[in-house]
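Structure record follows, encoded as structure tokens.
Note that the coordinates shown come from a computational prediction; the quantities given were computed from them, not determined experimentally. Every number for a ligand or one of its atoms is a count from 1 in the order of the listing.
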Amino acid sequence: MRIDILSVVPSLLESPFAASIMQRAKDKGHVEIYIHNIRDYSTNKHKNVDDYQYGGGAGMVMSIEPIAACIEKLKGERGYDEIIYMTPDGKVLEQSDCNQLSLCKNIIILCGHYKGVDERIRQHYITREISIGSYVLSGGELAAAVVVDAVVRLIPGVLNDETSALTDSFQDGLLSPPVYTRPEEYRGWRVPDVLLSGDPKKVDEWRETEALKRTQERRPDLLGE
Ligand code: 6GU
């Protein structure tokens with residue numbers, strides 16, 4: 001997969017993809033990530049990327065020209081499956097969205113800033129608008145990093161058995177059950193006997209019960225009505 005990210009603060013996107021699973025996914029050739037500084041596409045002498053909003057009101061709006069120029073250039077080089085706009089008024093990201101996006105070959109992600117982007121960008125270029133939750137971030141960069149992380153780990157071959165995406169919380173619509181590792185006892189706090197029983201059927205049943213219990217308690221919305 002190829003991911004092109006358009007940003008006015010590209011330095012915010014350096015470290016999230018430079019370590020751990022993301023770095024390995026790049027090294028193994030599963031994903032290529034390109035960060036584009038929208039300012040590089042500004043044609044005015046001050047390299048402005050925003051302007052006052054028509055109709056008045058506080059807050060600047062991201063200008064159409066540099067963003068359109070960057071998107072047009074990229075679209076001239078290859079086809080894109082999705083052009084995503086990161087914005088607090090987008091659809092709140094779910095695992096099912098990540099699963100869909102992980103099947104894409106090429107995507108563009110535009111990071112919103114200020115009061116947002118000129119509406120004509122949304123009307124004429126954007127195919128999907130994503131929010132990562134009901135709170136406001138200073139810009140779309142951290143949200144874009146969240147989307148990229150959640151999507152890239154689903155690309156076949158990125159994770160090994162130990163980190164398999166199949167047993168993630170949400171992937172089966174449930175939260176994950178509790179997990180334990182050595183020692184068996186710490187300050188008298190014991191690991192549940194069933195996990196030490198060596199009976200795989202009993203262990204599976206326990207995990208399923210605990211996953212359901214945890215989901216019921218913390219995220220009943222995931223269980224439907
Ligand atoms: Cl995508 N952008 C911003 N600025 N804030 C957010 C968000 C996105 N998602 C949740 N809050």
Quick one: ligand 1 N/O to protein N/O pairs below 3.5 Å?
unit_1: ligand 1; atom_1: 4 (N); unit_2: L137; atom_2: O; d: 3.1
unit_1: ligand 1; atom_1: 5 (N); unit_2: L137; atom_2: N; d: 3.0
unit_1: ligand 1; atom_1: 9 (N); unit_2: S131; atom_2: OG; d: 3.3
unit_1: ligand 1; atom_1: 9 (N); unit_2: I132; atom_2: N; d: 2.9
unit_1: ligand 1; atom_1: 11 (N); unit_2: Y135; atom_2: O; d: 2.6

- Are D199 and K201 close enough for a salt bridge, meaning some N to O gap below 4.0 Å? no
- Item | Carboxylate-amine/guanidinium proximity below 4.0 Å for K213 and E210 | yes
- Message: Counting only heavy atoms not in Y186 (residues, nucleotides, ligands), do more than 12 fall under 6.0 Å from its OH?
- Response: no
- Query: Only one of I67, V49, D51 clears side chain to side chain contact (heavy atoms under 4.5 Å, CB included) with M62; which?
  - Reply: I67
- Could you note down all residue pairs passing salt bridge (Lys or Arg N to Asp or Glu O under 4.0 Å) where residues 59-79 supplies at least one of them, sequence neighbours left out? K73-E77
- Message: Checking side-chain polar atoms at under 3.5 Å, does E141 have a donor or acceptor matched by the opposite partner on S7?
- Response: yes
